[in-house]
Amino acid sequence: MGPELIVPPTYSPIPPAIHPRHEAIEIRTTAWAERFAIGSDELRERLVTHGIGAFSARILPEGQEEVVSLLADFVLWLFGVDDGYCEEGDLGCSPGGLTAVLHRLLRVAQNPEAQLLRADPLAEGLRDLRSRVSRYGTEGQTARWLDALREYFFSVVWEASHRSEGTVPSLSDYTLMRLYDGATSVVLPILEMGHGYELQPYERDRTAVRAAAEMASFVITWDNDIFSHHKESRSEGYYLNVLRVLQHEHGIGPDQALTTAIAQRDRVMTLFMRLSAQLRHEASPQLRQYLNGLASFIRGSQDWGITSLRYTTPDDPAGLPTTLRETPTDDSYEPLDIPVISWWWDLLPAGDGTPPRYGNGDASAAEWAARKPA
């Protein structure tokens, strides 16, 4: 057990918000976990105290309540896989065995009617989730959700290979893997479902729009690594986290790794804000809503990360902040020296160095300004 790291307030120019029905959503998610017996009794008892319903209510603060509940149940299910199989189970150190299990689960998601894993709680929970994804999403959104689920499964097997060998990947490889194993991409179709629209391929598949989604994933997963480091570093066995990767990559200590990780996420946050502002000038109403959803996802993850019992660990308190800051620690327009993402900075010309507030140059900014702090 290493020395305590004190995490300073992290930068967020995005206002907080939460769905007004978050308490009811939390109750329903707890009931759903019990109904499908997600994870072991011990794991489930922990998961239902982590405020996952509130987390989803922050991601979709103005979304359809049924879809917010779907998202909450899905996030809890993902933790059932990640914690139950990967972090705490034997499969987490067996890439081959984990691949076999996850391929069966993927088949259940693709074809819920298949007579496969009928006695498995995670499989039955996944069948229910797939049914609801099909109910609230289009065929295209369902297909993208399944594709993203496959990417997530593939990435956790990649992580299991490092866990089995006790190795630490390079920063570039870790960054690429983290875009998928953080399960952020699996949430993106649900952002659309929550507001009853479908982003058209000519907008969603634009390089800049895809980059904006990846930037949001980077910030969310770096924040998660920063906030979860205390919990992970004190658990038994192997853990993989950006702070550990930075220490290994650069031969630095935990405090410097923390400072570096925060600077990296701040620089990407600044770029995300600039790119979002540019995209809004020519965006459809659906794309504007999608960008709003990415921003809510980032801010919701921050707010949940510093308040959830999952990371504050009151029995062994983590040194997490209770507030966020309004200015970045690093607002440089220079690309990060991470090859798999450095191309993001080619999408925008260098500006005046002032990071935009959310909605700059966008008529919908007034909607955000009217939101009340959660």
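Numbers for residues simply follow the sequence, beginning at 1.
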Distance-only donor-acceptor pairs under 3.5 Å for side chains of residues 136-143, two or more places apart:
from, atom 1, to, atom 2, distance (Å)
T138, OG1, G140, N, 3.4
T138, OG1, Q141, N, 3.1
T138, OG1, E198, OE1, 3.3
T138, OG1, E198, OE2, 2.9
Q141, OE1, T138, N, 2.9
Q141, NE2, E192, OE1, 3.0
Q141, NE2, Y197, O, 2.8
T142, OG1, T138, O, 3.0

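- Remark: Y238 engages no residue in a side chain to side chain donor-acceptor pair (under 3.5 Å) (not counting sequence neighbours).
- The ring-ring contact (aromatic ring centres under 6.0 Å, His included) check on Y311 picks up W304, with sequence neighbours excluded.
- Under the salt bridge (Lys or Arg N to Asp or Glu O under 4.0 Å) criterion, D330 pairs with R267, not counting sequence neighbours.
- Shown here are the side chain to side chain donor-acceptor pair (under 3.5 Å) partners of D225, two or more places apart in sequence or in another chain: Y174, R178.
- Ion pairing between a basic and an acidic side chain is recognised when a charged N comes within 4.0 Å of a carboxylate O; R144 and D147 show no such pairing.
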Side chain to side chain donor-acceptor pair (under 3.5 Å) between R280 and N292, intermediate numbers included: CA-CA 10 Å; R280 291 170 188 281; N292 286 354; 3.2 Å; yes
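- Residue pairs that meet the salt bridge (charged side-chain N to carboxylate O under 4.0 Å, His left out) test with at least one member in residues 333-348, sequence neighbours left out, do not exist here.
- Annotation: ring-ring contact (aromatic ring centres under 6.0 Å, His included) contacts of F74 (sequence neighbours excluded): W145.
- With sequence neighbours excluded, the residues that form a side chain to side chain donor-acceptor pair (under 3.5 Å) with E282 are R206.
- With sequence neighbours excluded, no residue forms a ring-ring contact (aromatic ring centres under 6.0 Å, His included) with W343.
- Residues forming a side chain to side chain donor-acceptor pair (under 3.5 Å) with W222 (at least two apart in sequence, or on another chain): Q264.
- For R325, there are no salt bridge (Lys or Arg N to Asp or Glu O under 4.0 Å) partners at least two apart in sequence or on another chain.
- Looking only at distances, no side-chain donor or acceptor of S276 sits under 3.5 Å from a matching main-chain atom of M273.
- Within the structure, the ring pair (Phe, Tyr, Trp, His ring centres under 6.0 Å) test picks out the following pairs touching residues 18-39 (sequence neighbours left out): W32-F36.
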